[in-house]
Amino acid sequence: MSLELPEDFSRKLEEAVDVLSSATRVKVVSHYDGDGLCAAGILAKALHRKGLSFQVCTTRALDEAFIGALEGDEDVILIADMGSNSLPALEKLSAKVIVLDHHEPRGDSEKIVHINSHLHGIDGTKGACAATLSFTLATVMDEENWDLAGIALAGAVADRQHPGGLEGLNRSIAKEASEKVGMRVDRTHTLLGDTLAEALSLSINPYVVGISGNMGGAGTFLSDLGISPDMRVEELEGESKIKLISAMSLKLLEQGVTAEDVKGAIEEGYWDASRGTYANWTAAYVNACGRLGMDGVGVAICLGDPSALEEGKRLRKEFLGQVLVGLKKVEDEGAFERNHTQFFYVENPSFAGTIGGVAMRYLLNPDLATVALSVLTEKTRISGRATKDLVGKGVNLAEAFKESAEVLGGSGGGHSIAAGASIPKGKEEKFLEYVDNTIEVQLEG
Ligand SMILES: [Mn+2]
């Protein structure tokens, strides 16, 4: 018994397995973010188990230059978390190309084995990510790969597809994995760290003013509740746990956070029995690796390397430390507001998406889309986040970013709720104006 999938989706996966079974050398290309690295780890493990010769590489962007450089000895190129918007360029490669993507595709291809959740009625913002698509392919290759279900869901968590509960393919995997490999879906708090004070001070989901990024503040908050700041996180149980979560929720309400995000202090947890850890924790470590440019460590964690896991724990603290500095700046200085958007600047573009998403939920105006800009040497990288509410009213950030960036000679895309763009430096003002106007049109439509 395997996953029940739409017939056209199953056919595509079979086609990909056929291509892989006759491959001599495979190149796996994936995105550097948490989901992309989990996808790479799953594909690497599955290819290794098949005894295939392969190489893994990760990238920030799948641009023309990068695609050109893919031409090599490999006869199969397997691209995850990207590719659906680069099909014409990928068609020029001499190798057989397989694409596993969950971003809204611009088209389809005859020549490429193009697997995109959107083409099979599965929403790529909530119902499927690159890691769950890669995992699905891996299970079609071999049932043995079901033990990688925790890595698949770590990808979904890294892409933040889980708040409010899993849907679509993600949910089917969790359900089936509970029978096959003992996965357990429960509810857990989001605190992760050695001591409670440390875990609270590193917390960004939720971001609690006066506590997040503030070890002293976190310690006082705990002491005032009669809980020892030095208590180990795993010892937090019973009454202390209820007391702490209630007090945090109260602080979030005072902070003006929406009821839905207040609930975010408790989230769905996916216990990965094959590894003895929560997929949510794996996601946190792997995500940090990618954000700090240590992509290889992230993939190694997915492959089960214990020393990589230790390194991932250290990198998570470093990553959050930097993200919290950016968030404190937003907390102190706020954002610039336009009619439908609010924007601010972030130095490091690798942190912009995280800072934008957290700032929108816990610090800024929830009625406006959030745009974080990073001005680099030649171009400006932009990351945007919308709320579910805005998307429900017609906002599609991917389209707004794509259209606005292309007019200015840049590029953009992503999802309706989270998008990215790259534009020539100096065109920021124009871009912000176009995005604001486009959203206005979307809201009227
Ligand atoms: Mn992804």
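All values below come from the heavy atoms of this structure, side chains included, with hydrogens, waters and symmetry mates left out. When a residue number appears, it is its place in the shown sequence, counting from 1. As the structure lists them, so they are numbered: ligands from 1, and atoms in each ligand from 1.
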- Provide the atom name of the closest N, O or S atom of D159 relative to the Mn ion (ligand 1). OD2
- Message: Restricting to N, O or S, what is the name of the atom of D81 that lies nearest the Mn ion (ligand 1)?
- Response: OD1
- Message: Any N/O/S atom, side chain or main chain, of D35 closer to the Mn ion (ligand 1) than 2.8 Å?
- Response: yes
- Task: Check whether any N, O or S atom of H102 sits under 2.8 Å from the Mn ion (ligand 1).
- Result: yes
- May I have all residue pairs that pass ring pair (Phe, Tyr, Trp, His ring centres under 6.0 Å) and include part of residues 304-325, sequence neighbours excluded? F319-F351
- Should the pair R60 and Y32 be classed as cation-pi, given the thresholds of under 6.0 Å to the six-membered ring centre and 45° from the axis? yes
- side chain to side chain donor-acceptor pair (under 3.5 Å) pairs touching residues 366-376, sequence neighbours excluded, are Q342-T370
- N396 side chain to V391 backbone, donor-acceptor under 3.5 Å: no
